[in-house]
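All remarks here apply to the structure that follows.
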Amino acid sequence: MTLGPLPHMTPKTIGSLQVFACVDSAGPTRLPSELLKNVPAEATAPEWLAPYLAADGRMIMAYQSFVLKLGARVIVVDCAVGEDGNFPARPDWHEKKSNWLAHLGLAGVTPDQVDTVFLTHLHMDHTGWLTRKNAGEWVPTFPNARHLVSQIEFDFWTTRHQEFPYMSTSIPDSVAPAADAGLIEIVVPGAAIAEGLQVVDLAGHSPGMIGLEYTEGGSVLAAFNADLMHHPFQLAHPQCPTLFCSDPDAAIETRRAKLAQYADARTVMFNNHFPGECAGRAVRAGDGYQFVPSD
Ligand SMILES: [Zn+2]
């Protein structure tokens with residue numbers, strides 16, 4: 001089965017950095033109150049949120065990766081849900097097919113050309129394309145890439161995944177084969193993984209979540225936010241963590257701090273789970289922010 005491209009972010013050029021989106025899936029998911037805590041009872045969605053909500057109020061979300069081209073470097077940020085995964089508790093993901101590789105091709109990239117895979121965290125919807133099923137075996141998708149992950153994240157999930165039903169198959173099927181092939185390397189906040197591209201600590205949503213900031217001319221021009229926000233609703237309501245946050249208070253604090261920093265610096269934020277034009281700026285609005293997508 002060949003799947004065509006889904007609606008996706010148009011490629012962005014920010015200084016010397018080119019960014020492409022690889023969409024794995026996208027569509028209506030859940031009501032804000034079904035994914036988030038602290039949702040105000042009287043919340044009326046601001047008008048700018050309308051394109052991100054289905055007619056029945058469900059949040060439209062994407063599951064995707066970003067491909068970064070910087071000089072000769074080709075970096076994949078996160079690996080979405082993947083293909084053929086064993087997720088019986090999630091019928092929409094269980095053994096599904098995906099057009100992710102078609103999007104990688106639209107970025108002009110083959111898996112062999114990827115030199116770095118940066119994993120913001122190890123949740124199942126960020127590790128799927130680490131491997132592909134070949135003759136019944138899970139094999140690494142990116143055999144020539146360093147796979148960068150935080151120590152806290154790697155240690156937590158590789159020892160505790162069986163306590164979490166939604167992680168019990170993704171770690172053995174997606175992460176372990178890359179680790180067994182010697183492809184995993186630990187990276188720490190503050191490290192530069194390429195010229196101008198620095199690792200930042202975003203812990204809260206998951207124990208050791210990290211992101212990337214791209215600095216040129218002394219300014220942070222772009223940020224790869226991982227799951228700092230799952231939906232633009234969390235710009236309007238930064239006080240709302242998800243039901244899946246490992247440390248909800250830290251998740252809120254990290255989100256507020258980064259939104260303030262990026263609003264002040266006019267940083268373009270790349271958001272894994274925002275649909276369509278998922279890159280944009282935070283602009284202060286009331287107690288929260290408005291998301292203003294980049295063209
Ligand atoms: Zn996620």
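Being a predicted model, the structure only gives us computed values, none of them experimental. Because only heavy atoms are used, hydrogens play no part in the values below, and waters and symmetry mates are left out as well, while side chains stay in. All ligand and atom numbering here is 1-based and tracks the order in the structure.
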Taking salt bridge (charged side-chain N to carboxylate O under 4.0 Å, His left out) as the test, write out the residues that go with E195, two or more places apart.
none
Should we say atom CZ of R266 is surrounded by more than 12 heavy atoms from elsewhere, each under 6.0 Å from it?
no
Under 2.8 Å from the Zn ion (ligand 1), is there any N, O or S atom belonging to H273?
yes
Using a 3.5 Å cut-off and no angle test, enumerate the donor-acceptor pairs between side-chain atoms of residues 107-114 and protein atoms at least two apart in sequence or in another chain.
| residue | atom | partner | partner atom | Å |
| --- | --- | --- | --- | --- |
| T110 | OG1 | Q113 | OE1 | 3.4 |
| Q113 | OE1 | T110 | N | 2.9 |

Kindly confirm whether the Zn ion (ligand 1) is within less than 2.8 Å of some N/O/S atom in H121?
no
D125, N/O/S atom nearest the Zn ion (ligand 1)
OD2
Taking just the N, O or S atoms of D227, which one is nearest to the Zn ion (ligand 1)?
OD2
Rounded distance (nearest 0.5 Å) linking atom CH2 of W157 with atom OG of S170:
8.5 Å
